[in-house]
Amino acid sequence: VTIIDEQDLGATHLATASGLLADAFEHVGDVYRERGWRTLRPAFRIICETDGQLVGQVSAFDLDCQPELEAIGLGDGVVASTVQRNGVLRLMMLAAIEECGRREAEFIVTSTKHSHVGRLIADLGFIKQAPFTVYAESQVACTTRSTWWALGLDPNARSLPRVKLDVEVF
């Protein structure tokens with residue numbers, strides 16, 4: 001498992017990650033295939049290689065939020081079908097959490113609709129967020145997601161504050 005800043009991601013890794021993402025998220029596959037990310041460009045990626053081939057990736061996004069916290073979003077987690085259920089996503093998420101801490105993040109947010117991923121991130125300390133604990137606002141509405149999970153990294157904080165993200169999808 002390797003941490004790579006987005007600007008240092010080579011063309012081969014980007015192309016492979018883009019293909020994995022496009023295949024996994026078919027409804028927006030064209031966007032992933034074109035540039036390797038959907039709405040926000042990742043700050044860094046966590047990649048996993050086996051025998052020199054990229055077999056998994058998680059993207060990490062710098063998020064703006066209120067109150068002002070050092071917040072990182074984790075998303076676009078994908079693992080090649082050849083290595084699914086082998087602990088690859090767990091290894092990448094552990095590395096992501098460690099890197100977020102190294103970058104002094106106070107708060108990590110992620111989202112999943114998949115129960116097996118929910119069990120994994122709960123096991124890693126993420127807490128499923130109650131409605132409007134984490135939310136985003138647009139010009140027309142305030143939005144919350146039942147799929148958002150958060151992890152606080154500040155050891156002095158007793159709980160996470162209510163957090164408004166500047167983007168809903170990352």
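Listed by first then second residue, pairs satisfying side-chain hydrogen bond (donor to acceptor under 3.5 Å, both in side chains) with a partner in residues 68-82 read Tyr32-Asp76, not counting sequence neighbours.
Ring-plane geometry between Phe132 and Tyr135 is classed as tilted, the angle between the planes lying from 30 to 60 degrees on a 0 to 90 degree scale.
Contacts of Phe61 classified as ring pair (Phe, Tyr, Trp, His ring centres under 6.0 Å), with partners at least two apart in sequence or in another chain: Phe170.
Judged by the 6.0 Å distance and 45° axis criteria, Arg41 is not positioned over the aromatic ring of Trp37.
Although no hydrogens or angles enter the test, the distance criterion places no donor-acceptor pair under 3.5 Å between the side chain of Thr133 and the main chain of Gln129.
Nearest heavy-atom pair across Leu21 and Gly36 is CD1-O, 3.6 Å. In terms of heavy atoms, Val78 sits closest to Ala24 at CG2-CB, 3.6 Å. For Ala96 against Ile46, the heavy-atom pair with the smallest separation is CB-CD1, 3.6 Å. The shortest heavy-atom contact between Gly125 and Leu151 is O-CD1, 3.3 Å.
The hydrophobic cluster containing Val58 also contains Val1, counting ILVMFWY residues as joined when their side-chain heavy atoms lie under 4.5 angstrom apart, directly or transitively. Under the 4.5 Å side-chain heavy-atom criterion for Ile, Leu, Val, Met, Phe, Trp and Tyr, Ile72 and Met92 are members of the same hydrophobic cluster. By the rule that hydrophobic residues join a cluster once side-chain heavy atoms approach within less than 4.5 Å of another member, Val117 and Leu91 end up as members of one cluster.
Using a 4.5 Å cut-off on side-chain heavy atoms (C-beta onward), Ile108 and Leu74 make contact. Within the 4.5 Å cutoff, side-chain heavy atoms of Cys100 are placed close to those of Phe44. Between Leu20 and Phe25 the shortest side-chain heavy-atom distance does not fall below 4.5 Å. Side-chain contact between Ile97 and Phe126: present, with at least one pair of heavy atoms (C-beta onward) separated by less than 4.5 Å. Side-chain contact between Arg45 and Leu9 is present, with heavy atoms from C-beta onward closer than 4.5 Å. Residues Val163 and Leu69 meet the side-chain proximity criterion, which asks for heavy atoms closer than 4.5 Å. Contact check for Val55 versus Thr16: no side-chain heavy atoms found under the 4.5 Å cut-off. Between Thr112 and Trp149 there is a side-chain heavy-atom pair separated by less than 4.5 Å.
Under a cut-off of 6.0 angstrom, the local environment of CG in Asp30 is sparse, with at most 12 non-hydrogen atoms contributed by other residues, nucleotides or ligands. The environment of Gln66 atom CD is dense: over 12 non-hydrogen atoms of other residues, nucleotides or ligands sit within 6.0 angstrom. Shown here is Gln7, whose CD atom has more than 12 heavy atoms of other residues, nucleotides or ligands within 6.0 Å. Remark: Leu120 CG is packed, more than 12 non-hydrogen atoms of other residues, nucleotides or ligands lying under 6.0 Å away.
The line from CG of Leu40 to OG of Ser59 is 10.5 Å long, rounded to the nearest 0.5 Å. Here the CG atom belonging to Leu14 is positioned 11.5 Å from the CZ atom belonging to Arg35, to the nearest 0.5 angstrom. Rounded to the nearest 0.5 angstrom, Leu124 CG and Leu94 CG are separated by 5.0 Å. Rounded to the nearest 0.5 Å, atoms CG (Leu54) and OG1 (Thr2) are 9.0 Å apart. Residue Leu165 holds its CG atom at 11.0 Å from CD of Glu137, rounded to the nearest 0.5 Å. Within the model, atoms CZ of Arg162 and SG of Cys65 stand 13.0 Å from one another, a figure rounded to the nearest 0.5 Å.
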### side chain to side chain contact (heavy atoms under 4.5 Å, CB included) between Val167 and Thr39, intermediate numbers included
CA-CA 9 Å; Val167 295; Thr39 56; 6.0 Å; no
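Glu49 and His13 are linked by a side-chain donor-acceptor pair at a separation below 3.5 angstrom, with hydrogens and angles left out of the test.
In summary, Arg33 and Asp23 engage in a salt bridge, as defined by a charged side-chain N under 4.0 Å from a carboxylate O. Ion pairing of Glu99 with Arg103 is present here, as a side-chain N (NZ or NE/NH1/NH2) and a carboxylate O approach within less than 4.0 Å. Ion pairing between a basic and an acidic side chain is recognised when a charged N comes within 4.0 Å of a carboxylate O; Asp123 and Arg90 show such pairing.
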